[in-house]
*Asks:* 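Have a look at this one before I ask anything.
All values below come from the heavy atoms of this structure, side chains included, with hydrogens, waters and symmetry mates left out.
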Amino acid sequence: MLTFFKKWKQAGNEAKRSKSLIWRWFPKSKDSCAFKSMKICADLSSVLCVILGWVWGFIYREAGINSVRLINDSESNGFVFLLPSFDGKTPDLIVPAVMIAVVGFLETIAVGGKMANEKRYSYDANQELLALGAANVGGAFMGAFPITGGFSRTAVNAMFGASSPLAGALTSIIVVIAVYSLMPVVEMLPLAALAPLIIHGAIGVTDFKAFIPTFKGNKLDFLIMLFTFLMSLGLTVKEGLITGVALSILKLTYEVAMPNLAVCGQVEDGTFRDVRYYPEGQMIPKSVVVRMDAGISFANTRRLQEFCMRAMSAASKADSSVSHLILDCKSVNGTDMTGCEAIENLAISLEKRKKSLVLANLKAPLTKAMFAAGVDKHIEAHGGHLCWNMAQAIALVNGGDPAAAKGSVADLHSRVQSNAMTFKQCIPL
């Protein structure tokens, strides 16, 4: 019934309904009494579902059938204010409490972010964390359950058309009224009358169409989506959420450890592109250009060194005049101390083969880290060079003055050290 009314509401205008094989047999004119009546039933379909379930359960009980599970008795004295107590068992609750807080927050920002993307509005996870903290602190003085943002309840709200925090306020008012006046009626409500609301709402916010473009665009992301979905379907949303977060962290770790490394050639517009996708790219005489699309860290230094040495070996076999390896750092935003040591080791390894390392397109964070670790001096001591851009690197390979490139990099380092402008000072510009 819920699905029927939802599809009927979304059937479109009178012309579209007339062309439909199904909806042409139902009221189509918005001015007709039949259409208005169905519109009211569709808007109140969830309420009708609950009422129908309650009446159905009542008929079953009167017929002596007791197999339908009810909400049953609920013992409550209403809202009781109390102070949280601390005893010998409190330390044992710290770890479970932390897990509940983390999982609850992850679930909240997951469903909040999804609804924000779907409805095209901004979402502040920090503000959400403050709201959850305040709500749980307040709930602690009433013996409340831990408060989080739920997938299914959010889906039900979305199904009803809720679009502001006022919906939560109205829900709270209704809950208060129900606790003090409607509990005898609610206790006799079959659970099966509430289940369709949750199931139908959850189906409404499940985006099955996203699986197809994800499969085409990124197989690894598709597998994470699939495992997360199956875990949520087979167990609960929380287990699915934990699975998705864990797999995403593993994927992120894999991407850091296995970054894209490419041998680049110069194309018509003067830029350097991956020769796998731009086979027309021309190799620079006496050099091989390698690009790494990630920051240099302990996780990927070995891969970087091995790739650079293989690239140099292949280029030297193809052209014995190759004497320089240019590492294009335009995609390298920074490095750690292990990365600095790896760059030094790469320069030493190339020097043993009578080759030189040239770092080009250096960015400020990378330059700052290398100067702090003394990498510039080590590279120069082993025949390497640091260059501001690719033009200087190519000129250096062709016999240009290394001092000019060094001066440009030193100027960049001095700008970084002086901190000429803060971010707030740059905003007006």
Side-chain angles (χ1 to χ4, degrees), residues 1-13 15-17 19-24 42 45-46 103 105-123 125 128 148-163 195-262 273-274 276-279 293-294 331:
M1 184 186 73
L2 292 172
T3 304
F4 167 79
F5 279 121
K6 179 181 179 180
K7 297 296 183 182
W8 180 81
K9 287 177 65 176
Q10 298 174 348
N13 55 29
K16 291 183 178 180
R17 292 175 187 271
K19 297 178 181 179
S20 173
L21 296 176
I22 299 176
W23 307 122
R24 64 171 62 181
S45 58
S46 297
V103 174
F105 178 60
L106 290 176
E107 182 178 6
T108 301
I109 62 174
V111 67
K114 175 175 175 54
M115 297 306 298
N117 293 333
E118 186 176 310
K119 302 299 182 181
R120 301 293 188 271
Y121 61 84
S122 60
Y123 179 76
E128 196 76 30
T148 64
F151 276 96
S152 54
R153 269 69 69 188
T154 302
V156 172
N157 262 7
M159 184 174 65
F160 279 126
S163 58
L197 302 180
I198 305 299
I199 296 172
H200 190 260
I203 292 175
V205 297
T206 303
D207 187 8
F208 293 102
K209 295 180 180 179
F211 282 87
I212 297 176
T214 304
F215 177 78
K216 294 179 179 178
N218 191 313
K219 300 295 191 298
L220 200 54
D221 278 344
F222 171 77
L223 291 176
I224 293 176
M225 288 178 64
L226 183 62
F227 280 119
T228 303
F229 174 73
L230 293 177
M231 189 65 70
S232 302
L233 194 64
L235 297 177
T236 68
V237 172
K238 288 182 174 61
E239 279 77 7
L241 184 65
I242 294 173
T243 301
V245 171
L247 291 177
S248 297
I249 292 174
L250 290 176
K251 175 178 177 287
L252 180 62
T253 304
Y254 172 79
E255 290 175 345
V256 172
M258 303 291 289
N260 179 54
L261 287 159
R273 303 288 183 178
D274 189 341
R276 291 174 296 182
Y277 306 110
Y278 294 85
D293 297 329
S331 300

*Asks:* Nearest 0.5 angstrom please: Ser46 OG to Met1 CE, how far?
*Replies:*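 Nearest 0.5 Å value for the OG-CE distance: 7.5 Å.
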*Asks:* Taking all non-hydrogen atoms of both residues, which atom of Arg17 and which atom of Ala11 are closest, and how far apart?
*Replies:*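 In terms of heavy atoms, the two residues are closest at NH1-CB, 3.5 Å.
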*Asks:* I need the Asp221 CG to Ser248 OG distance, nearest 0.5 Å.
*Replies:*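 Going from the CG atom of Asp221 to the OG atom of Ser248 covers 7.5 Å.
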*Asks:* As an exercise, state the distance from NZ of Lys251 to CG of Leu223, rounded to the nearest 0.5 Å.
*Replies:*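 Answer rounded to 0.5 Å: 11.0 Å.
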*Asks:* Got a sec: does the CG of Leu252 have more than 12 other heavy atoms crowding it under 6.0 Å?
*Replies:*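 Result for CG/Leu252: enclosed.
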*Asks:* Drop me the distance from Thr108's OG1 to Glu128's CD, to the nearest 0.5 angstrom.
*Replies:*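 Rounded to the nearest 0.5 Å, the OG1-CD separation comes out at 6.0 Å.
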*Asks:* Please report the interatomic distance CD1(Ile242) to CG(Leu247), rounded to the nearest 0.5 Å.
*Replies:*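 Result: 12.0 Å between the selected atoms.
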*Asks:* Taking all non-hydrogen atoms of both residues, which atom of Leu220 and which atom of Tyr254 are closest, and how far apart?
*Replies:*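 Nearest pair, atom of Leu220 first, then Tyr254: CD2-CD2, 4.4 Å.
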*Asks:* Looking only at heavy atoms, what is the nearest atom pair of Pro196 and Leu2, with distance?
*Replies:*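 Nearest pair, atom of Pro196 first, then Leu2: O-CD1, 3.7 Å.
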*Asks:* Whether Lys219 engages the ring of Phe215 as a cation-pi pair (distance to the six-membered ring centre under 6.0 angstrom, angle to the ring normal within 45°) should be assessed.
*Replies:*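 Lys219 over Phe215 ring: yes.
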*Asks:* Taking side chain as C-beta onward, heavy atoms only, is Thr148 less than 4.5 Å from Phe105?
*Replies:*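 With C-beta onward as the side chain, the pair stays apart.
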*Asks:* Given side chain to side chain contact (heavy atoms under 4.5 Å, CB included), test Trp23 with Lys16 step by step and report yes or no.
*Replies:* CA-CA 9 Å; Trp23 307 122; Lys16 291 183 178 180; over 6 Å; no
*Asks:* Where is the tightest heavy-atom contact between Phe5 and Ser45, given as atom of each residue plus distance?
*Replies:*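 Closest approach of Phe5 to Ser45, heavy atoms only: CD1-CB, 3.9 Å.
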*Asks:* When you compare the side chain of Phe222 with that of Lys216, does any pair of heavy atoms fall below 4.5 Å?
*Replies:*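 Heavy-atom side-chain distance check fails, nothing below 4.5 Å.
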*Asks:* What closest approach, in Å, do Arg276 and Leu261 show between heavy atoms, and which atom pair accounts for it?
*Replies:*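 Of all heavy-atom pairs spanning Arg276 and Leu261, the closest is NH2-O, 3.4 Å.
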*Asks:* If the test is side-chain contact (heavy atoms from CB on, under 4.5 Å), which one of Thr228, Leu230, Ile224 qualifies with Leu226?
*Replies:*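 For Leu226, the side-chain contact (heavy atoms from CB on, under 4.5 Å) test succeeds with only one of Thr228, Leu230, Ile224, which is Leu230.
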*Asks:* Supply the atom-to-atom distance Phe229 CZ to Thr243 OG1, rounded to the nearest 0.5 angstrom.
*Replies:*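 Phe229 CZ to Thr243 OG1: 13.5 Å, rounded to 0.5 Å.
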*Asks:* If you compare all heavy atoms of Gly240 against all heavy atoms of Ser232, which two are closest, and at what distance to 0.1 Å?
*Replies:*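 So the two residues come closest at CA-OG, 3.3 Å.
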